[in-house]
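Reviewing the structure listed below.
Keep in mind that the numbers below use all heavy atoms, side chains included, and drop hydrogens, waters and symmetry copies. Throughout, a chain's letter reflects where its sequence line sits, starting with A, and its residues are numbered from 1.
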4 protein chains.
Amino acid sequence: MAGDKKVNVGVLGATGTVGQRFIALLATHPYFVVHALGASERSAGKPYAKAVNWKQTDPIPSYVRDLVVQTCDPKHFKQCAIVFSGLDADVAGDIEAAFRSADLAVFSNAKSYRRDPHVPLIVPLVNPSHFSIIPQQRALHSPPLKKGFIVTNANCSTTAVVVPLAALERAFGPIESCIITTMQAISGAGYPGVPSLDIFDNIVPYISGEEEKMEWETLKILGGIAEGDDGTKEFDMHSKTPLRISASCNRVPVIEGHTETVSIRFARRPPPSPQQVREALQAYTPDTAGCPSAPRQAVFVHEEPDRPQPRLDRNHQFGSGVSVGRVRQCRVLDIKFVVLANNVNIGAATSSIINAEIAIAKGVVSV
Amino acid sequence: MAGDKKVNVGVLGATGTVGQRFIALLATHPYFVVHALGASERSAGKPYAKAVNWKQTDPIPSYVRDLVVQTCDPKHFKQCAIVFSGLDADVAGDIEAAFRSADLAVFSNAKSYRRDPHVPLIVPLVNPSHFSIIPQQRALHSPPLKKGFIVTNANCSTTAVVVPLAALERAFGPIESCIITTMQAISGAGYPGVPSLDIFDNIVPYISGEEEKMEWETLKILGGIAEGDDGTKEFDMHSKTPLRISASCNRVPVIEGHTETVSIRFARRPPPSPQQVREALQAYTPDTAGCPSAPRQAVFVHEEPDRPQPRLDRNHQFGSGVSVGRVRQCRVLDIKFVVLANNVNIGAATSSIINAEIAIAKGVVSV
Amino acid sequence: MAGDKKVNVGVLGATGTVGQRFIALLATHPYFVVHALGASERSAGKPYAKAVNWKQTDPIPSYVRDLVVQTCDPKHFKQCAIVFSGLDADVAGDIEAAFRSADLAVFSNAKSYRRDPHVPLIVPLVNPSHFSIIPQQRALHSPPLKKGFIVTNANCSTTAVVVPLAALERAFGPIESCIITTMQAISGAGYPGVPSLDIFDNIVPYISGEEEKMEWETLKILGGIAEGDDGTKEFDMHSKTPLRISASCNRVPVIEGHTETVSIRFARRPPPSPQQVREALQAYTPDTAGCPSAPRQAVFVHEEPDRPQPRLDRNHQFGSGVSVGRVRQCRVLDIKFVVLANNVNIGAATSSIINAEIAIAKGVVSV
Amino acid sequence: MAGDKKVNVGVLGATGTVGQRFIALLATHPYFVVHALGASERSAGKPYAKAVNWKQTDPIPSYVRDLVVQTCDPKHFKQCAIVFSGLDADVAGDIEAAFRSADLAVFSNAKSYRRDPHVPLIVPLVNPSHFSIIPQQRALHSPPLKKGFIVTNANCSTTAVVVPLAALERAFGPIESCIITTMQAISGAGYPGVPSLDIFDNIVPYISGEEEKMEWETLKILGGIAEGDDGTKEFDMHSKTPLRISASCNRVPVIEGHTETVSIRFARRPPPSPQQVREALQAYTPDTAGCPSAPRQAVFVHEEPDRPQPRLDRNHQFGSGVSVGRVRQCRVLDIKFVVLANNVNIGAATSSIINAEIAIAKGVVSV
């Protein structure tokens with residue numbers, strides 16, 4: 001990002017859980033400036049501080065307190081080079097499409113377009129190369145777009161696991177199979193989200209649709225892009241070396257931070273040792289140079305036997321990286337470890353923000 | 001159990017967490033009568049109600065309030081046909097040995113003798129047949145014992161998983177591999193146990209020694225007993241069909257009830273379907289006929305997608321059985337499911353009590 | 001209750017939190033038999049086990065699993081001598097009125113009629129004498145009723161405090177002022193009730209309308225009934241000796257059991273000593289003779305310095321009494337103490353059930 | 001604080017809960033530089049990062065990771081102008097005395113000297129004027145001291161309430177009586193502190209010695225200093241206008257932040273209105289000018305009906321102020337409100353740090 005140029009951004013779903021996190025994070029961003037806030041009719045017309053039921057532990061940033069909330073209509077966001085969407089899935093589909101049609105660049109947290117064959121599903125610490133599908137996405141639009149597009153980021157529980165998997169595939173080649181058990185924080189369900197009576201002193205061993213998302217999204221993110229004879233690009237879903245993933249998802253009484261146990265089997269024989277795995281994770285450097293919100297250490301590897309822990313480690317690097325610990329041999333597959341990611345930061349808003357920083361750095365968005 | 005005969009029992013470690021549970025459970029037992037209570041010097045000489053820091057949700061049973069606590073010396077327990085031990089591992093070894101030497105029948109929750117080649121590790125819903133090693137245990141003692149022996153029950157997290165594994169091996173033959181992630185309740189760590197600052201809004205992805213216990217104990221419990229040419233019996237550790245187990249153990253902010261996700265691969269090809277697995281679990285009948293504390297349904301299979309849950313299901317059948325839910329295909333191994341067991345009931349005190357009932361029914365203890 | 005006569009009862013709001021508790025409690029009742037269940041259109045026509053999202057720690061009683069849920073129309077409840085209402089306040093008003101008009105005896109947990117000048121607000125351990133207003137309630141109905149009436153029980157936080165206050169007024173005469181701080185369990189807010197994100201690791205120092213309810217209801221319950229020259233009865237709101245009450249209500253992260261700190265000043269000088277207060281509380285005997293659901297000890301007085309505690313004491317006597325502890329001098333008023341009551345038992349369903357038992361014993365309901 | 005001068009400070013009890021908070025807070029202090037760390041023999045000789053079991057949500061500040069921990073012997077702290085003590089009460093008495101005798105300025109969180117007639121008990125937002133007793137404290141030492149002294153700060157639950165009380169006495173004159181109920185976080189009990197089994201889904205309505213501390217400390221802090229004919233100074237314990245305080249202390253399942261309900265009666269008739277109270281609290285300006293760690297707003301007054309809440313408000317201004325909400329009339333005394341203070345910041349370490357800043361500003365410590 002050359003010079004001191006500021007970039008206007010908008011936030012859709014600004015009063016929701018993810019929207020609040022966007023606003024908290026953008027308060028100290030070096031060049032993104034929140035220019036417009038979108039929410040439902042109920043909130044539109046009110047100053048943000050009146051419209052929102054603020055649930056963050058830090059106070060509402062002063063810069064948005066008096067910003068008047070708009071409806072989610074593209075006309076209010078024309079001056080935004082970037083639009084972050086924290087919309088709920090039930091409304092995100094139509095609104096995000098309308099924004100794209102209005103030639104706006106949309107960075108979405110919703111699941112609506114994750115499975116779209118022309119929309120990249122980008123975890124910034126893993127697959128920024130998937131931005132290469134954007135020209136095709138624009139070209140296929142009718143009429144073709146100049147600037148508009150949609151990029152999604154992954155489900156929070158997927159994000160946690162794909163970062164170490166990407167690091168290990170880069171170092172040791174394809175992974176063949178992966179068994180994951182998640183212990184997911186209540187904040188992952190939004191607000192009001194999980195009733196307290198359902199989760200106090202309890203575990204709910206089921207999150208609707210979550211296991212399918214993890215099993216499917218991982219393939220799209222870790223896979224490459226195949227190019228047909230006619231130049232058409234297509235996500236290959238890791239099909240050159242099939243990867244089998246099995247997830248068991250649980251809701252646990254933790255406020256923030258998804259913890260996951262992971263067992264993997266590499267294609268290569270013999271597999272790397274735990275120590276080699278540790279070193280490869282620690283050495284992993286994603287393609288996020290020049291992105292101010294990216295973590296300095298993408299994967300922080302803990303040596304203590306009892307870490308990472310959500311309460312102690314979720315805020316490390318402002319929740320922008322992932323933490324891995326307990327790397328050791330698995331008696332059934334090859335290697336097992338524990339991964340922790342802050343579901344509302346790298347698992348949601350922070351991912352979108354870094355994605356936008358990458359898009360600017362790559363010239364996908366021009367400012 | 002013929003007639004209305006009452007059986008005197010003793011409880012060692014009576015003031016501790018497991019000891020309290022023994023006392024609560026025995027309060028309504030049809031024939032066991034608490035005759036003697038053993039605890040440390042500090043408690044000895046006091047009426048139980050004064051000696052104990054009672055932490056159960058039900059009040060202290062009136063029948064023991066005024067019973068005077070003794071030291072853990074066999075001389076105070078001579079009239080007990082059964083001695084239940086809820087002692088901590090650091091003292092259990094010596095005390096339980098002394099009780100056995102005094103020709104007393106000891107049913108222990110401690111880990112001290114679980115790996116002893118002559119001590120059976122019995123989960124009552126799984127391997128009561130292992131009582132057959134008792135004559136050898138007695139004979140090897142010097143001098144040989146007439147009535148004394150030690151039986152242990154398994155670690156609470158092991159107990160949860162071996163019950164469905166035993167059911168499935170009985171129905172479908174050997175299991176080849178098993179990956180388990182546990183989410184274990186704080187009560188499994190005793191009292192004072194886990195500091196609140198360590199586990200509020202948190203997960204600790206490590207429990208010292210727990211994974212090794214699960215991986216080892218499961219083999220001893222699910223294995224058979226080999227007989228040498230000289231008639232010497234030996235636990236075969238499931239060696240005829242090797243079974244690989246990989247456990248990841250976590251402490252979670254739940255008071256009672258261990259929840260575990262389990263993925264398994266059968267030796268037999270093709271493997272059974274999820275529906276066949278469900279039916280086999282539901283149909284499983286352990287060898288506990290005539291044991292009043294045994295559950296009517298050893299494995300309760302939930303059909304709802306979001307069960308079992310510790311807070312809602314841990315007290316089903318007074319916590320004497322295990323609950324299984326979410327039986328479905330695993331993309332990496334064959335089948336995966338969720339299992340829940342009440343760690344302080346079937347995972348601890350209830351197991352010892354049913355073991356004692358079995359010992360009486362089998363004539364291992366004569367009353 | 002003479003003989004073995006069974007009494008048919010109905011439950012309105014049967015699928016809700018209070019309704020579930022009614023059903024759990026009535027499962028073992030000596031003479032009440034659940035004959036009809038009422039809920040919303042959405043549930044009507046389904047067997048109870050299919051209609052309900054059961055949240056109790058004990059399983060659904062088998063006796064109601066297949067009972068078909070009805071709409072809340074009096075015609076389905078004609079054979080019920082008693083109708084318990086666990087309806088939400090937003091619908092309770094009209095439905096309960098319709099049931100009364102249909103000459104049915106309604107025992108309500110809702111707040112709708114608590115302030116009605118002809119409806120008694122009865123805490124069974126305190127003011128069963130207020131049933132004496134029922135004839136007037138019936139007579140004022142148009143047309144006058146023979147059997148129908150509405151009785152309400154108090155708000156759960158009020159119930160906790162009025163029991164010891166009643167005991168102390170009986171022993172020592174009028175109380176002049178009372179300052180209360182409540183720490184109320186999440187189950188008091190029903191289901192889905194309090195979002196987990198609002199109450200994990202948190203306290204909410206406000207419950208809408210709760211302080212006003214406590215301050216007003218206490219006066220109605222502890223007051224007497226004045227009779228005008230024309231024989232008209234009227235609740236006197238403790239006006240002969242004015243009682244000032246000040247409540248501060250808080251929601252805390254506890255599942256069940258409301259804990260309250262209470263400071264009081266007596267009219268009489270000198271006031272009783274803490275020891276006299278303890279004895280009076282312990283000796284208090286409400287007018288619930290012959291009621292099988294009433295506690296044997298209305299007020300259980302703890303001697304330990306750190307009791308009562310909700311998790312340890314809320315199930316004492318099946319939650320039908322209240323627990324008091326830490327009776328000591330108050331440097332500002334006279335005496336202070338801690339009170340605990342199970343908000344879903346004596347604070348809700350159990351109160352209605354005992355009220356119904358009293359009504360039968362007094363002949364207000366004839367069976 | 002003139003210029004850019006750095007001031008060396010030491011931290012005693014550096015590995016404990018309060019010590020960790022000191023170290024976290026001092027990491028970004030404008031002029032205090034941690035020069036020496038003291039802990040028990042067990043930790044001495046190790047780099048801090050090895051000695052400590054770090055429990056803060058932010059990582060160990062890099063500046064202390066390799067600092068070698070010393071024993072708590074004054075000889076290691078000679079170059080420290082300020083020594084902060086986070087020692088446990090059982091060892092603080094002797095060690096702090098030894099440090100004072102070695103002519104060091106000790107700012108203590110322990111209770112050991114709070115009742116000492118020559119040691120001021122200073123809540124920095126309330127009574128910095130009590131530093132005037134220091135010359136007398138030094139003079140009475142044998143031999144008289146030049147620089148050494150001990151200053152204590154208050155118990156965390158006292159600190160919360162004395163700030164608004166001081167603000168109100170300044171505005172409206174003496175307060176006559178005050179009834180307080182506290183809901184105190186588990187972090188107030190240190191580490192390991194409260195066992196999780198004691199406080200999950202529970203409230204403990206008792207904290208040993210806490211009520212006495214609140215009732216006594218408040219008088220010392222809010223009182224003045226009387227001077228005898230011989231010039232001897234003495235804390236007057238608010239005796240000119242007696243103040244009666246009654247506290248009920250509870251431990252609640254909250255990690256950080258003490259919430260307290262407070263009812264007060266003023267001497268002056270008529271008392272101020274809620275609105276006047278709100279304005280006086282908001283306008284309150286303590287004597288902390290030039291102290292970089294002091295809050296900009298000593299008392300933050302919330303207008304929303306459901307605030308303050310510990311999880312949402314404890315980090316406001318880095319926990320250096322107190323939050324008040326729900327200011328309203330009390331039907332028994334005059335006014336009631338809710339106060340929240342971060343028990344580990346303004347309730348502990350932050351208070352000591354501001355006290356040290358004041359001591360430098362007043363010249364009590366010369367640097």
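Taking a 6.0 Å sphere around NZ of K55(B), one finds it holds more than 12 heavy atoms contributed by other residues, nucleotides or ligands.
When heavy atoms are compared at a cutoff of 4.5 Å, I180(A) does not approach chain B at all. Proximity to chain B (any heavy atom under 4.5 Å) is restricted, for V252(A), to the side chain, taken from C-beta onward. For L197(B), the parts sitting under 4.5 Å from any heavy atom of chain A are the backbone and the side chain alike. With a 4.5 Å cut-off on non-hydrogen atoms, S248(A) touches chain B through its backbone and its side chain both. Residue contact with chain B, scored on non-hydrogen atoms closer than 4.5 Å, is absent for Q329(A). When heavy atoms are compared at a cutoff of 4.5 Å, R328(A) approaches chain B solely by way of its side chain, counted from C-beta outward. Residue contact with chain B, scored on non-hydrogen atoms closer than 4.5 Å, involves the backbone of I245(A) exclusively. At a 4.5 Å heavy-atom cutoff, the contact between R314(A) and chain B is made by side-chain atoms alone.
Ranking V204(B), T259(B), I207(B), I186(B) against chain A, the residue ahead of the rest is V204(B), based on heavy-atom pairs under 4.5 Å. Contact count against chain B (heavy-atom pairs under 4.5 Å) is highest for P253(A) among S177(A), P253(A), G325(A). Counting heavy-atom pairs closer than 4.5 Å to chain A, the top residue among S263(B), P305(B), A247(B) is P305(B). For the set V332(A), V254(A), L312(A), the count of heavy-atom pairs under 4.5 angstrom toward chain B peaks at V332(A). Each of I179(B), T181(B), I203(B), I255(B) has some count of heavy-atom pairs under 4.5 Å with chain A, and the biggest count is that of I203(B).
Of all heavy-atom pairs spanning R114(B) and K220(B), the tightest one is O-NZ, 2.6 Å.
Residue-level contacts of residues 333-348 of chain B with chain A, in order of numbering, are L333(B), K336(B), V338(B); threshold 4.5 Å between heavy atoms.
There is no side-chain donor-acceptor pair under 3.5 Å between T182(B) and S157(B).
Q297(A) CD to Q317(A) CD: the interatomic distance, rounded to the nearest 0.5 Å, is 6.5 Å.
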